[in-house]
Amino acid sequence: MATVKAPKKPLVVFVTGDHEYSGELTLPLIAAELEKNYGMRTKVLKAYPDYNGEKDIPGLEALKEADLAVFYLRWRQLPKEQLQFIDDYLKSGKPVMGFRTTTHAFNYPEGDPRIRWNSFGEFAFGAPPGWGGKAQHTHYGHKSTTDVTIIPEAAKNPILTGVEPSFHASSWLYRVQPDYPAKGSTWLLMGKSVNPDKPAIENPVAWTWKNEWGGKAFLTTLGHPEDFQVESFQRLVINAIHWELGLPIPKKWKGKIDINVPYGHPQKP
């Protein structure tokens, strides 16, 4: 009798490099949980020589084998050959997931041939095309926090399984309205700024979308390391990863993940 091969475990590749939110520390803990309890393979890529290194993320060729690419980037200036791995992945139509500063993942100067990558948040995730600009993509101050609620129309979305109707996040709210998230997106969670430093409007903080290559996209503008301590946020992330891969949302939650990572904001001179 022919032996039946076990289905290959999906490979989730995490691409990290942000100056501020310790994504290179939080996401490996999510990766470990996926391997331990949810039957996945993972690979975590990190900026070199450390999170402040803007021009090198070794190992991006792993995206050739990835079933899901998860990005937590901020203002990188990767070389053309590294961008090519991301470009090829996007054009394959495979799913993408992004956290917070991934809305402004790249920061090339005017006149640079790679400048279109400054709009990565827009073409990959339906987010504003980089920080500031015409979209006025900004936040409401480092002393603010965010009250998060499930959008009523999305209450039965499988990604929100086990997510509390409301919870508090340490992330200061990102402004993406009124022009984003992009047309065709499905909004999941709404954020209201607490103690904002300027007049604030409510803004969605998690949504799904389909990009121009047919890839499923999930983005959350949350992602402060303290957010990763919140069980509802953990469930959102684990659920979204399953949704991205076309897998059923886990029937049984394996329990809160122990994540205790410091906020990595660099010391300003």
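In what follows, every heavy atom counts, from backbone to side chain, and hydrogens, waters and symmetry copies are set aside.
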Q: Please step through salt bridge (Lys or Arg N to Asp or Glu O under 4.0 Å) for the pair R116 and D87, ending with a clear verdict.
A: CA-CA 12 Å; R116 79 173 187 92; D87 199 44; 2.9 Å; yes

Step-by-step side-chain contact (heavy atoms from CB on, under 4.5 Å) determination, L78 to L60
CA-CA 11 Å; L78 298 182; L60 281 165; 4.0 Å; yes

Under the side-chain contact (heavy atoms from CB on, under 4.5 Å) criterion, do I238 and N37 qualify, and how do the steps go? CA-CA 11 Å; I238 297 294; N37 284 320; over 6 Å; no

**Asked** Would M190 and V205 count as a side-chain contact (heavy atoms from CB on, under 4.5 Å) if you check the C-alpha gap in whole Å, the side-chain angles of each, and the deciding distance to 0.1 Å?
**Response** CA-CA 6 Å; M190 189 65 78; V205 296; over 6 Å; no

>> Under the criterion side-chain contact (heavy atoms from CB on, under 4.5 Å), I'd like the reasoning laid out for W243 against I249: C-alpha separation, chi angles, the key distance, then a yes or no.
In response: CA-CA 7 Å; W243 174 82; I249 302 304; 4.3 Å; yes

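Looking at T103, its side chain never comes within 3.5 Å of a backbone N or O of A127 through a donor-acceptor pair. Checking side-chain atoms of S144 against main-chain N and O of N195 turns up no donor-acceptor pair under 3.5 Å. With hydrogens and angles disregarded, no donor-acceptor distance shorter than 3.5 Å links the side chain of T146 to the backbone of K192. Counting only distance, with no hydrogens or angles, the side chain of D18 and the backbone of G23 share a donor-acceptor pair below 3.5 Å. For the pair H168 (side chain) and V148 (backbone), a donor-acceptor distance under 3.5 Å is absent. Using modelled atom types, no side-chain atom of Q234 and backbone atom of K256 make a donor-acceptor pair closer than 3.5 Å. Between the side chain of N239 and the backbone N or O of T161 there is at least one donor-acceptor pair closer than 3.5 Å. The main-chain N or O of P95 is found under 3.5 Å from a side-chain atom of Y89 such that the two form a donor-acceptor pair. Remark: the backbone N or O of S170 is paired with a side-chain donor or acceptor of D227 at under 3.5 angstrom. Under the 3.5 Å distance criterion, the side-chain polar atoms of E244 are matched with a main-chain donor or acceptor of F218.
Of all the heavy atoms in V96 and A124, the pair that sits closest is CG2-O, 3.7 Å. When every heavy atom of G59 is checked against every heavy atom of L45, the shortest pair comes out as O-CD1, 3.4 Å. Between G141 and D197, the shortest heavy-atom contact is CA-OD2, 3.3 Å. Looking at every heavy atom in both residues, S171 comes nearest to G223 through OG-N, 3.3 Å. Minimum heavy-atom separation, S193 to L173: N-CD2, 3.7 Å. Scanning both residues, F106 and W75, for their nearest heavy atoms gives O-CD1, 3.8 Å.
Remark: D56 pairs with Y48, P58, Q82 by the side chain to side chain contact (heavy atoms under 4.5 Å, CB included) rule, at least two apart or across chains. Under the rule for a ring pair (Phe, Tyr, Trp, His ring centres under 6.0 Å), the partners of Y72 that lie at least two apart in sequence or sit in another chain are F99. For Y108, the ring pair (Phe, Tyr, Trp, His ring centres under 6.0 Å) test picks out no residue, with sequence neighbours left out.
The environment of E65 atom CD is sparse: at most 12 non-hydrogen atoms of other residues, nucleotides or ligands sit within 6.0 angstrom. The environment of CG in D50 is crowded: more than 12 heavy-atom neighbours from other residues, nucleotides or ligands sit within 6.0 Å. The 12-atom threshold is exceeded at NZ of K198, counting heavy atoms of other residues, nucleotides or ligands nearer than 6.0 Å.
Less than 6.0 angstrom separates the ring centroid of W172 from the ring centroid of Y263. For H19 and Y51, the ring centers are positioned 6.0 Å apart or more. When ring centroids are compared, F14 and F71 stay outside the 6.0 Å threshold. For F120 and F125, the distance between ring centers is under 6.0 angstrom.
Interatomic distance, CG of N107 versus CD1 of I115, reported as 9.0 Å (0.5 Å rounding). To the nearest 0.5 Å, atom OH of residue Y180 and atom CG of residue N203 are 14.0 Å apart. Remark: I259 CD1 to E33 CD distance equals 8.0 Å, nearest 0.5 Å. With rounding to the nearest 0.5 Å, the separation of NE2 in H142 from NE2 in H224 is 9.0 Å. The distance from the CG atom of L11 to the NZ atom of K64 is 14.0 Å, given to the nearest 0.5 Å. To the nearest 0.5 Å, atoms CD (E202) and CD1 (I151) are separated by 9.0 Å.
Figure legend: K216 and W209 shown without cation-pi pairing, the cationic atom not lying both under 6.0 angstrom from the six-membered ring centre and within 45 degrees of its axis.
By the 4.5 Å heavy-atom criterion applied to side chains, R100 and Y174 are counted as neighbours. The shortest side-chain heavy-atom distance between I201 and Y140 falls under the 4.5 Å cut-off. Within the 4.5 Å cutoff, side-chain heavy atoms of P204 are placed close to those of P181. Contact check for L63 versus D88: no side-chain heavy atoms found under the 4.5 Å cut-off. Between K55 and R76, the closest side-chain pair of non-hydrogen atoms is not below 4.5 Å. Contact of the N260 side chain with the F228 side chain is not registered, since no non-hydrogen atoms from C-beta on lie closer than 4.5 Å. When side chains are defined from C-beta on, K210 does not count as touching S185, because their heavy atoms never get closer than 4.5 Å. Using a 4.5 Å cut-off on side-chain heavy atoms (C-beta onward), V12 and V70 make contact.
When only modelled atom types and interatomic distance are considered, S232 and E164 share no side-chain donor-acceptor pair under 3.5 Å.
Between H104 and H137, the ring-plane angle classifies as perpendicular under the 30° and 60° cut-offs.
Placement of W253 and M40 within a single hydrophobic cluster is found when ILVMFWY residues are connected by side-chain heavy-atom separations under 4.5 Å, directly or transitively. Two different hydrophobic clusters hold V176 and V194 under the rule that ILVMFWY side chains link at heavy-atom gaps under 4.5 Å.
Under a 4.0 Å N-O distance rule, the pair R74/E20 qualifies as a salt bridge.
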